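Right, one structure below, let's go through it.
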Amino acid sequence: RPDPAEGWGRVDLDTDVFGGVVPIDGAAEDGTLVLVGCPSEDLAGFPVWWSEGGFEFERASGPETSRPLDLRCVQEVVATPFGWFAGGVGSLLRSSDGSTWEIVDVPGVLGYEEAGQLGYADNLFVSPAGDRLTVLYRRAAMNESTIATLVTTTDGETWVENAHPSQSLFDSSGIAAVIEGGDGLLAAGSSPGGEFVPTAAVFTSPDGLRWRRVTPTGGPDYDEKVIEDIARIGDRYIAVGGDFFETGLMTAWASLDGLEWRRLPHPPETTDPSVAHMTGQAVTVADGFIWVSGQDYDARRSGVQAIPALWRSTDGEAWERIQLDDLEVNVPFEITSTPDLRIGIWPPPSTPIDELLVLYAAD
């Protein structure tokens with residue numbers, strides 16, 4: 001498949017610079033691009049890359065630390081007027097230019113003796129105006145639960161803990177993706193989260209600090225389901241994930257305003273949810289279709305039990321499963337955008353598709 005979907009162009013880039021890592025998120029500011037990744041294997045190197053004024057990416061310099069595992073996975077990066085910030089499994093990171101990064105010792109600033117007392121920086125919420133960064137920290141609690149703490153700053157130096165009572169909405173929850181929409185921002189995932197009794201959830205905020213839940217805390221369209229990605233597609237929002245226990249099928253939801261949601265029909269597939277499940281992990285739009293990438297796990301398979309899965313739809317109401325062998329062009333999955341530029345990748349982020357990484361750009 002040498003050509004991308006219509007409207008996209010292949011970036012002439014030696015992708016060896018990524019060291020086998022597929023970037024999963026990115027940000028752009030004043031001509032600088034930063035991409036981050038989360039290796040599925042124990043690959044060496046700090047998983048942050050940057051470029052200035054083009055696409056000549058270089059691996060960024062990471063901080064020196066006695067706990068390198070804290071830097072092995074970087075899942076999210078944002079740009080603010082007071083610096084670049086990144087987070088994931090481990091520490092909160094900061095950079096002035098995207099090329100050199102340091103750990104932000106927020107627990108120390110707040111007076112904690114140990115970083116684990118506050119937890120780990122799990123999600124970054126930049127206000128739509130760009131004047132505030134709020135970090136969602138999580139720490140372990142009893143019975144596999146987690147306690148959420150919102151820490152916020154307007155200058156990158158002064159941090160306020162327990163910034164808003166709505167932080168309790170994120171206790172024992174998992175936020176998979178954050179985009180602009182709804183009251184200002186939309187955060188999608190599951191609440192409660194985890195593998196046993198997840199409930200798909202969407203939250204909204206005007207500023208990244210004050211949050212409210214817009215999906216119900218239960219019900220057949222949300223119980224025992226998760227949301228893994230959310231995107232603005234045309235005149236509505238699409239969220240995708242999975243239904244672990246009732247059908248085991250890829251699940252999608254739609255909303256015109258980000259506030260009122262409805263579950264979309266499942267693809268015309270069947271499986272046994274007691275031993276198998278199909279989960280959508282990334283959603284994008286290309287070539288006139290809504291595309292969902294994910295995985296199809298079945299414990300009954302001999303050998304590899306998790307295989308790649310692709311679905312597409314023209315309207316979100318009727319989905320079809322697309323086999324990789326039948327795919328005529330690579331489908332760039334967008335990982336970051338500005339008003340002038342979109343960056344997409346193939347294979348999609350968080351996928352078991354074992355193909356060479358290709359970077360794409362579009363207006």
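Remember, it's a predicted structure, so these values are computed and weren't measured experimentally.
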Step by step, work out the side chain to side chain contact (heavy atoms under 4.5 Å, CB included) result for Val275 and Asp298. CA-CA 6 Å; Val275 294; Asp298 195 325; 4.3 Å; yes

Taking only residues two or more places apart in sequence or in another chain, which ones pass ring-ring contact (aromatic ring centres under 6.0 Å, His included) with Phe203?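 For Phe203 the ring-ring contact (aromatic ring centres under 6.0 Å, His included) partners, ignoring immediate neighbours, are Phe170.
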
According to the salt bridge (charged side-chain N to carboxylate O under 4.0 Å, His left out) rule, which pairs have a member within residues 208-219, sequence neighbours left out?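 Salt bridge (charged side-chain N to carboxylate O under 4.0 Å, His left out) check on residues 208-219 returns Asp183-Arg212, Asp207-Arg210.
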
Among residues at least two apart in sequence or on other chains, which ones pass side chain to side chain contact (heavy atoms under 4.5 Å, CB included) with Asn162?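 With sequence neighbours excluded, Asn162 shows a side chain to side chain contact (heavy atoms under 4.5 Å, CB included) to Thr149, Gln167, given in chain and number order.
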
Which residues satisfy the side chain to side chain contact (heavy atoms under 4.5 Å, CB included) test with Thr270, sequence neighbours excluded?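 Testing Thr270 for side chain to side chain contact (heavy atoms under 4.5 Å, CB included), a comparison that skips the adjacent residues, returns none.
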
If you take all heavy atoms of [X] and [Y], which pair is closest and at what distance?
X: Ser95; Y: Thr100; result: OG-O, 2.8 Å
X: Ala177; Y: Asp229; result: CB-OD1, 3.6 Å
X: Gly248; Y: Pro273; result: N-CB, 3.8 Å
X: Ser99; Y: Trp50; result: CB-CE2, 3.2 Å
X: Ala27; Y: Ala79; result: CB-N, 4.2 Å
X: Leu209; Y: Ser205; result: N-OG, 3.4 Å

Are there more than 12 heavy atoms of other residues, nucleotides or ligands under 6.0 Å from atom CD of Gln305?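 Enclosed.
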
Student check: side-chain heavy atoms of [X] and [Y] closer than 4.5 Å:
X: Gln295; Y: Pro308; answer: no
X: Ile238; Y: Leu264; answer: yes
X: Asp340; Y: Asp363; answer: no
X: Phe46; Y: Leu93; answer: yes
X: Ile343; Y: Tyr360; answer: no
X: Pro348; Y: Ile353; answer: yes
X: Pro265; Y: Glu317; answer: yes
X: Asp155; Y: Thr153; answer: yes

Shared hydrophobic cluster, [X] / [Y] (ILVMFWY, side-chain heavy atoms < 4.5 Å):
X: Trp49; Y: Ile335; result: yes
X: Leu357; Y: Val331; result: no
X: Phe55; Y: Ile345; result: yes

Quick one: side chains of residues 276-288, donor-acceptor pairs under 3.5 Å with protein atoms, not counting sequence neighbours, listed by atom name and distance.
from	atom 1	to	atom 2	distance (Å)
His277	ND1	Thr279	OG1	3.4
Thr284	OG1	Glu334	N	3.4

When you look at Asp243 and Arg263, which way does the salt bridge (Lys or Arg N to Asp or Glu O under 4.0 Å) test go after all the steps? CA-CA 11 Å; Asp243 178 340; Arg263 186 178 65 77; over 6 Å; no

Which other residues belong to the hydrophobic cluster containing [X], where Ile, Leu, Val, Met, Phe, Trp and Tyr are joined when side-chain heavy atoms lie under 4.5 Å apart, directly or via other members?
X: Val202; result: Ile179, Leu186, Val214, Tyr222, Ile227, Ile230, Tyr237, Trp253, Leu259, Trp261
X: Val160; result: none
X: Val135; result: Val78, Phe82, Phe85, Leu92, Val104, Val106, Val109, Leu110, Tyr112, Leu118, Leu124, Val126, Leu133, Tyr137, Val151, Trp159
X: Met142; result: none

Any donor-acceptor pair under 3.5 Å from [X] side chain to [Y] backbone:
X: Thr204; Y: Leu185; result: yes
X: Glu56; Y: Glu52; result: no
X: Ser313; Y: Ala318; result: yes
X: Asp171; Y: Ala148; result: yes
X: Ser190; Y: Val226; result: no
X: His164; Y: Leu150; result: no
X: Ser337; Y: Leu341; result: no
X: Arg232; Y: Gly181; result: no
X: Ser127; Y: Arg132; result: yes
X: Ser51; Y: Phe57; result: no

Quick one: pull up [atom1] in [X] and [atom2] in [Y] and give me the separation to the nearest 0.5 Å.
X: Ile103; Y: Glu64; atom1: CD1; atom2: CD; value: 10.5 Å
X: Ile307; Y: Asp354; atom1: CD1; atom2: CG; value: 14.0 Å
X: Ile233; Y: Ile290; atom1: CD1; atom2: CD1; value: 5.0 Å
X: Glu76; Y: Cys38; atom1: CD; atom2: SG; value: 12.5 Å
X: Arg342; Y: Thr336; atom1: CZ; atom2: OG1; value: 11.5 Å

Do [X] and [Y] sit within salt-bridge range, that is, some charged N less than 4.0 Å from a carboxylate O?
X: Asp326; Y: Arg321; answer: no
X: Glu114; Y: Arg139; answer: no
X: Glu246; Y: Lys225; answer: yes

Pair Leu35, Leu359 - check side chain to side chain contact (heavy atoms under 4.5 Å, CB included), show working. CA-CA 11 Å; Leu35 303 181; Leu359 199 70; 4.3 Å; yes

Listed pairs under 3.5 Å, donor-acceptor, residues 2-23 side chains, sequence neighbours left out:
from	atom 1	to	atom 2	distance (Å)
Arg10	NH2	Pro2	O	2.8
Asp14	OD1	Asp16	N	3.1

Ring pair (Phe, Tyr, Trp, His ring centres under 6.0 Å) contacts in which one or both residues fall within residues 302-333, not counting sequence neighbours: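 Every pair satisfying ring pair (Phe, Tyr, Trp, His ring centres under 6.0 Å) with a residue in residues 302-333: there are none.
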
Take Trp101 and Val77 through the side chain to side chain contact (heavy atoms under 4.5 Å, CB included) test and state the conclusion after the steps. CA-CA 12 Å; Trp101 293 78; Val77 61; 4.0 Å; yes

Given Ile175 and Arg138, is the side chain to side chain contact (heavy atoms under 4.5 Å, CB included) satisfied, shown in steps? CA-CA 11 Å; Ile175 300 301; Arg138 301 184 189 279; 3.9 Å; yes

Residue pairs, two or more places apart or on separate chains, that pass side chain to side chain donor-acceptor pair (under 3.5 Å) and touch residues 24-37: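 Sorted result for residues 24-37: empty, none.
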
